[in-house]
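Structure record follows, encoded as C-alpha cells.
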Amino acid sequence: MAKITPRASDYSRWYLDIINHAKLADYAPVKGCMVIRPNGYALWENMQRVLDQMFKDTGHVNAYFPMFIPESFLKKEAEHVEGFAPETAVVTHGGGKQLEEPLIVRPTSETIIWDMYKKWIQSYRDLPMLINQWANVVRWEMRTRLFLRTTEFLWQEGHTAHATAEEAEAETRQMLDVYAHFAEEYMAMPVIKGRKSEAEKFAGADVTYCIEAMMQDRKALQAGTSHNLGQNFAKAFEVRFQDRDGELKHPYSTSWGVSTRLIGALIMAHSDDQGLILPPRLAPTQVVIVPIARDEDERASVLAAAENIQQQLKGVGVRVKLDDDPKQKPGWKFAEYELLGVPLRLELGPRDVAGEQVMVARRDIKGKTALPLDGLAESISALLESVQQGIFERARDFRDSHIFEASSYDELKTIIGEEKGWVKAFWSGDPEDEARVKEETKATIRCIPFDQPETLGSCIVSGKPARYQVLFAKAY
RNA sequence: CGGGAUGUAGCGCAGUUUGGUAGCGUACCUCGCUUGGGACGAGGGGGUCGCUGGUUCAAAUCCAGUCAUCCCGACCA
C-alpha cells in the first residue's frame, strides 16, 4: 500500500493523497472537473440530510430552477455581472443550431430565480418567500483543487424574499447561524462568524456574512456565506409587492450557500498522516467491527459474537459495519479503516469472546482499550460523542493557538510571512489599507468578526483610528 | 494565463543523457500456508510508455505541437 505523503512535508500532496487513498474523488476527463466517488458522495449525502432538515426546520422549502440562464439575465444587476461574467461557461449552440441568445450555465441562480419571483410575488401575503435548491453550478476557475475549487461543484443555494429590510437581515443572520451550528456541531469544525469587507463581499450583495475556519496549514477557508442582497435584485428584475398600506414596494432579499467545498474543509480540519478522520455525526460508517480468528471454530464463535454486537449497535442507531471478509488480515483492515476515517474500530477475537469484552480503538487518538460487552451499545454511543467532542476541541485549540494579535504592521508581515497563522488586528475600514496588506503580504481580511472588543486602537496599516478589529489570513 | 516540475501496469517508481521493440515494488488472479498492526512461498494475468504529428531501417528515448496534473504567482467559494 502506497504511503500518504506526510502532512508536514508537503501539505498539498498530503491532502490529495488522502482524497485518493480514501477514494473520495478522482479527476474527470474534463479540465477542472472531478468525479465524487461513493465514499465522498456518502459524506455529501450526510451533510445534505442534516442541512436540509435544518433548512426545513427554519421554514424553507426546496425547489429546482434550470441550470441554463439567458445571458441577458446576468447583465441586469450591474455588480453581479461584473463579479461573474469572467468565470461563466456559455452555451451558444443547441440542436445543431446557433442559439438566438446564448445561455449561461449558472454560476449561481439569483437572476433566474428573481425572474420567477417577479411572477410569484404580488402581495405582502406572498412574503416571505423561502426557497432553497440543491444544485450543481459552474464557475470557470483558472486554478482548481479537488473539492476546494472545481469548475463544477454541488451546493445548496437559499433565495428568500421579505417585506422589510429587518426581516431580510434577520434571515441572513439566522442562516449564518445555521451554517455555524452545522460546522461546529456536525463537522466538528470551529468557525468564526463575521462580515466580509466591501472588497471581499458577494457581487450584488449589500452585506455578506461568512463563517471562516482554520485548516491545519493555518490557512483560512470560507466555509459558508450568507448575503443580504437588499433590494438589488428586486429592483433589477422589477419585482414589487403591494404592502398592507397599499403602497407598491420592492421586496428585500437574501441568498446563502454551502458547497461540496465543505468536504475539503472536513478533510483539512481533522485528518492526519494515517488518513481521514471523520466526525462521528457525519461519518458514513461510525463503527467498524474487525473479527479475528485462526480457524473455522474460532471464526464461527467470533462471527456470532460480532453479529450480536452489530445488531445491538444498529438497535441504538449506530451506523456499523462488520467486515468479515476472510481474504484480508486484521492488521490490513486496521490500517484500511484508519485511512477511511472510521471513528471507532472494534477488534473482536477469541480472547475477547471468552472474556466477554471487545477491544476498541478511537481514530482520533492512539491506543486501544477493552470494553465489556455488557452495556456496549451505551458505551459505544458515549464514545462516539467523545470522539466528536475530541476532534472539535483539538481543532479549536489548534485554531486558537494560531491566532495572533498584532500591534504593528511589521509584526503582521512576520506572522503572515512565516505562515504562523492568522492575525487579529485593527483596521481603519479604508479599502486602501486593506489593499496594501493584500498586495504586500497576500493575506486578506477574512472577516470582521461579530465579536468586537470594547475599545479600538489604531489601524495596523495606516495608524488611522480603527473602525474594526479584523482577521487577516491567507485563504483558500 | 506567466514561471518551474511531472505524465511509463490500479498505485508508487526506474529506464530517456548515449534510439534496438519495456522493467521493479505493490495491488490483482490460482494453489498452499496463514489471521491480535498492512504475513509468507510457488505460479500467473495486465502497459499502442498522456495524446497527435514528424525524423529514422527502428522512438518510452530525438524534434514539434497539444492535453492533463502538481508547486509558485495573477483570479475566485
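Letters A, B, ... mirror the listed sequences (proteins, then strands); counts begin at 1.
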* Can you list the residues that meet the side-chain hydrogen bond (donor to acceptor under 3.5 Å, both in side chains) rule with A/T444, with sequence neighbours excluded? -> A/R446
* A/E77: side-chain hydrogen bond (donor to acceptor under 3.5 Å, both in side chains) partners, not counting sequence neighbours ->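 A/E77 satisfies side-chain hydrogen bond (donor to acceptor under 3.5 Å, both in side chains) with no other residue.
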Is there a donor-acceptor contact under 3.5 Å linking the side chains of [X] and [Y]?
X	Y	value
A/H60	A/Q156	no
A/E82	A/H80	no
A/T254	A/W256	yes
A/S255	A/H159	no
A/D206	A/N228	no

Send over the distance from [X] [atom1] to [N] [atom2], rounded to a whole Å.
X	N	atom1	atom2	result
A/M142	B/rA74	CE	P	12 Å
A/Q328	B/rU35	CD	C1'	11 Å
A/I4	B/rG12	CD1	C1'	14 Å
A/E212	B/rC76	CD	C1'	13 Å
A/W155	B/rC76	CH2	P	16 Å
A/I18	B/rC11	CD1	P	18 Å
A/E296	B/rU35	CD	C1'	11 Å
A/Q156	B/rA77	CD	C1'	12 Å

Heavy atoms under 4.0 Å, any strand shown: does [X] hit a base, just sugar-phosphate, or nothing?
X	result
A/P86	nothing
A/K333	nothing
A/R139	base
A/Q222	sugar-phosphate

* Residue mapping more 5' on RNA chain B - nearest nucleotide basis, A/F334 or A/K201 ->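 The answer here is A/F334.
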* **Comparing A/T150 and A/P330 on RNA chain B - which has the more 5′ nearest nucleotide** => A/P330
Integer angstrom distance from the [atom1] of [N] to that of [M]:
N	M	atom1	value
B/rG38	B/rU34	C1'	15 Å
B/rC62	B/rA39	C1'	47 Å
B/rU35	B/rC72	P	47 Å
B/rU8	B/rC49	C1'	4 Å
B/rU48	B/rU21	C1'	12 Å
B/rC13	B/rG19	P	27 Å
B/rG45	B/rA58	C1'	29 Å
B/rG12	B/rU30	C1'	26 Å

Could you go over nucleotides 68-72 of chain B and give all protein N or O partners under 3.5 Å, atom names and distances?
from: B/rU69; atom 1: OP1; to: A/G32; atom 2: N; distance (Å): 3.3
from: B/rU69; atom 1: O3'; to: A/Y27; atom 2: OH; distance (Å): 3.1
from: B/rC70; atom 1: OP1; to: A/Y27; atom 2: OH; distance (Å): 3.1
from: B/rC71; atom 1: OP1; to: A/S12; atom 2: OG; distance (Å): 2.4
from: B/rC72; atom 1: OP2; to: A/R143; atom 2: NH2; distance (Å): 3.0

Using both distances under 3.5 Å as the test, list the Watson-Crick or G-U wobble partner of [N], or none.
N	result
B/rG36	none
B/rU61	none
B/rG7	B/rC67
B/rG12	B/rC24
B/rG73	B/rC1
B/rG43	B/rC29

* **Any A/K327 side-chain N or O less than 4.0 Å from OP1/OP2 of B/rU34** => no
* Asked: Are OP1 or OP2 of B/rG36 and a side-chain N or O of A/K368 less than 4.0 angstrom apart?
  -> no
* From the options A/Q222, A/K201, A/H227, select the one residue that forms a side chain to side chain donor-acceptor pair (under 3.5 Å) with A/T208. => A/H227
* **Ring geometry between A/W114 and A/Y117 (parallel below 30°, tilted from 30 to 60°, perpendicular above 60°)** =>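 The arrangement is perpendicular - the two ring planes meet at more than 60°.
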* To do: Check whether the side chain of A/R294 and the base of B/rG36 form a donor-acceptor pair under 3.5 Å.
  =>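 For A/R294, whose side chain was compared with the base of B/rG36, there is no donor-acceptor pair (under 3.5 Å).
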* To do: Decide yes or no, distance alone: a donor-acceptor N/O pair under 3.5 angstrom between the base of B/rG37 and the side-chain of A/E338.
  => yes
* Asked: Nearest to the side chain of A/E336 - B/rG37, B/rG38, B/rC76?
  -> B/rG38
* Could you work out which one of B/rC76, B/rG37, B/rG36 sits closest to the side chain of A/R149? =>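 Per side-chain heavy atoms of A/R149, the pick is B/rC76.
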* Distance flag, aromatic centroids of A/F450 and A/Y209, threshold under 6.0 Å ->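 Distance test on ring centres: under 6.0 Å, yes.
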